[in-house]
Visitor: 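Sharing a structure here in structure tokens format.
Values in this document were obtained by computation on a predicted structure and should not be read as measured data.
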Amino acid sequence: MIVPVIHILCLMLAQASPTPPAETVSAPTLEIGYHQMYNLQFNEAHQTFHAWELLHPADPLAPSSDAAAYLFAEFDRLGVLQSELFVDDTKLKKSGRLAPDPVARQKFEEALARSEQLADAVLARSPQDSNALFAKTLNLGLRSDYVGLIDKRYLASLSYMKSAGVLADKLLAIDPSRYDAYLATGVENYMLGLNAAPVRWLLRIYGAQADKEVGIAKLKLTAQKGHFLLPFARLLLAVAALRDKDRTKARELLAGLAHEFPHNALYAHELSLLQ
């Protein structure tokens, strides 16, 4: 089954970097918006992303980030962020299709459309622009998450995930220091690598990367040196540790996230289960 593989991607939209809370910084930045999003302060995150977009109207990552906030808010509202879903595959397989908010979905799609238009314009002038390539990689991840977790269209979600991995590899060939991009191929390798050998073989024929150990190594790169995706990579490593029965490592990672993002009850709740 590849169903559990797709569901783990739901957190790909939750990007942030360890920056001070917005209250301590006067000028809007993407980092502040992601910090607010990690703290489940979605209205504040939208305000910050919109302010950044007004100041930087040609930056495709601004509307990408706004789309991420809409999707992450939907996941929180629908209760699909609990890491136990990714540890207990039986629960995941039994989960049914969710009921999205049509207004949030429209705004999500509009933000992605703005980002794609801006990114394509940048790449038409500069085909190797790493920021535009990263925005398009992120957009593919967001679409994969939406159709996989909310629409329950798993094959379509896998297709978006594969495309994100291909684009991430292209970005890293241009700029190896874009450590956030390692997460796209890290997730693909790790989660698809959890399948049985015959399934992995079929996935490789399809073009997917399915090596668990390679996936872990790439997730660690993002967790150590990433920017927007650093906290997300640490969360995925915590999930991986739980799957491997390494409760000590999972507890360490979740404790760090709970301390950094005190408004997000998810981290504290999952940590409490390990105490």
Side-chain angles (χ1 to χ4, degrees), residues 2 5-17 30 34 59-61 64-65 67-68 112 115-116 118-148 154-195 199-237 239-240:
I2 61 172
V5 171
I6 303 304
H7 279 67
I8 188 65
L9 295 178
C10 76
L11 298 173
M12 182 164 285
L13 47 100
Q15 295 107 144
S17 63
L30 292 179
Y34 281 120
D59 183 1
L61 195 53
S64 292
S65 304
L112 286 182
S115 175
E116 288 295 307
L118 291 171
D120 288 342
V122 172
L123 292 172
R125 301 189 303 270
S126 179
Q128 295 190 330
D129 186 275
S130 62
N131 189 65
L133 288 172
F134 178 64
K136 290 181 74 71
T137 302
L138 176 58
N139 293 345
L140 287 167
L142 297 176
R143 289 198 179 279
S144 176
D145 296 337
Y146 199 106
V147 300
Y154 303 120
L155 290 179
S157 184
L158 177 60
S159 179
Y160 283 125
M161 178 180 67
K162 177 179 174 293
S163 297
V166 171
L167 197 54
D169 285 337
K170 178 180 179 180
L171 170 57
L172 288 168
I174 295 170
D175 183 3
S177 68
R178 275 273 180 173
Y179 289 101
D180 281 342
Y182 285 102
L183 188 137
T185 52
V187 168
E188 180 182 1
N189 269 286
Y190 174 73
M191 294 310 301
L192 296 184
L194 293 176
N195 287 278
V199 177
R200 294 199 303 272
W201 181 75
L202 289 172
L203 289 168
R204 290 192 182 103
I205 290 178
Y206 180 74
Q209 302 181 58
D211 188 314
K212 176 183 173 182
E213 296 307 318
V214 170
I216 288 291
K218 291 186 177 183
L219 289 177
K220 287 182 177 178
L221 278 174
T222 304
Q224 294 167 1
K225 301 180 180 181
H227 185 55
F228 295 117
L229 299 181
L230 184 151
F232 168 56
R234 289 179 178 172
L235 180 59
L236 287 185
L237 288 174
V239 173

Visitor: Considering non-hydrogen atoms only, spot the tightest contact between Leu133 and Pro127 and give its length.
Guide: CD1-O, 4.2 Å
Visitor: Go through Leu123 and Lys136 one step at a time and tell me if the side chain to side chain contact (heavy atoms under 4.5 Å, CB included) criterion holds.
Guide: CA-CA 10 Å; Leu123 292 172; Lys136 290 181 74 71; 3.5 Å; yes
Visitor: Apply side chain to side chain contact (heavy atoms under 4.5 Å, CB included) to the pair Asp175 and Gln128, showing each step before the final yes or no.
Guide: CA-CA 9 Å; Asp175 183 3; Gln128 295 190 330; over 6 Å; no
Visitor: Could you measure the distance from the CG atom of Leu235 to the CG atom of Leu230? Nearest 0.5 Å is fine.
Guide: 12.0 Å
Visitor: Which atom names give the shortest non-hydrogen contact between Glu116 and Asn139, and what distance separates them?
Guide: OE2-ND2, 2.6 Å
Visitor: Of His227, Gln224, Lys225, which is the lone residue that meets side-chain contact (heavy atoms from CB on, under 4.5 Å) with Tyr179?
Guide: Lys225
Visitor: Could you please spell out the steps behind the side chain to side chain contact (heavy atoms under 4.5 Å, CB included) verdict for Leu112 and Leu142?
Guide: CA-CA 9 Å; Leu112 286 182; Leu142 297 176; 3.9 Å; yes
Visitor: Return the CG to CG distance between Leu140 and Asp145, rounded to the nearest 0.5 Å.
Guide: 11.0 Å
Visitor: To the nearest 0.5 Å, what is the distance between CG on Leu138 and CG on Leu229?
Guide: 7.0 Å
Visitor: Mind listing the closest non-hydrogen atom pair of Leu30 and Ser65 along with its distance?
Guide: CD2-OG, 4.1 Å
Visitor: Rounded to the nearest 0.5 Å, what's the gap from CG on Asp129 to CG on Leu171? Could you check?
Guide: 9.5 Å
Visitor: Mind running side chain to side chain contact (heavy atoms under 4.5 Å, CB included) on Arg125 and Val122 for me, showing each step along the way?
Guide: CA-CA 5 Å; Arg125 301 189 303 270; Val122 172; 3.7 Å; yes
Visitor: Any sub-3.5 Å donor-acceptor pair from Ser163's side-chain atoms to Ser159's backbone N or O?
Guide: yes
Visitor: Which heavy atom of Ser144 sits nearest to which heavy atom of Ser157, and what is that distance?
Guide: O-OG, 2.6 Å
Visitor: Of the non-hydrogen atoms in Ser115 and Ala135, which two are nearest, and what is the gap between them?
Guide: OG-CB, 4.1 Å
Visitor: Quick one: does Thr222's side chain have a donor or acceptor within less than 3.5 Å of a partner on Leu183's backbone?
Guide: yes
Visitor: Could you give the distance from NZ (Lys170) to CG (Leu167), rounded to the nearest 0.5 Å?
Guide: 6.5 Å
Visitor: Is there a donor-acceptor contact under 3.5 Å from the side chain of Thr137 to the main chain of Ala164?
Guide: no
Visitor: Assign the ring pair Phe228 / Phe134 to parallel, tilted or perpendicular, where the plane angle (0 to 90°) is split at 30° and 60°.
Guide: parallel
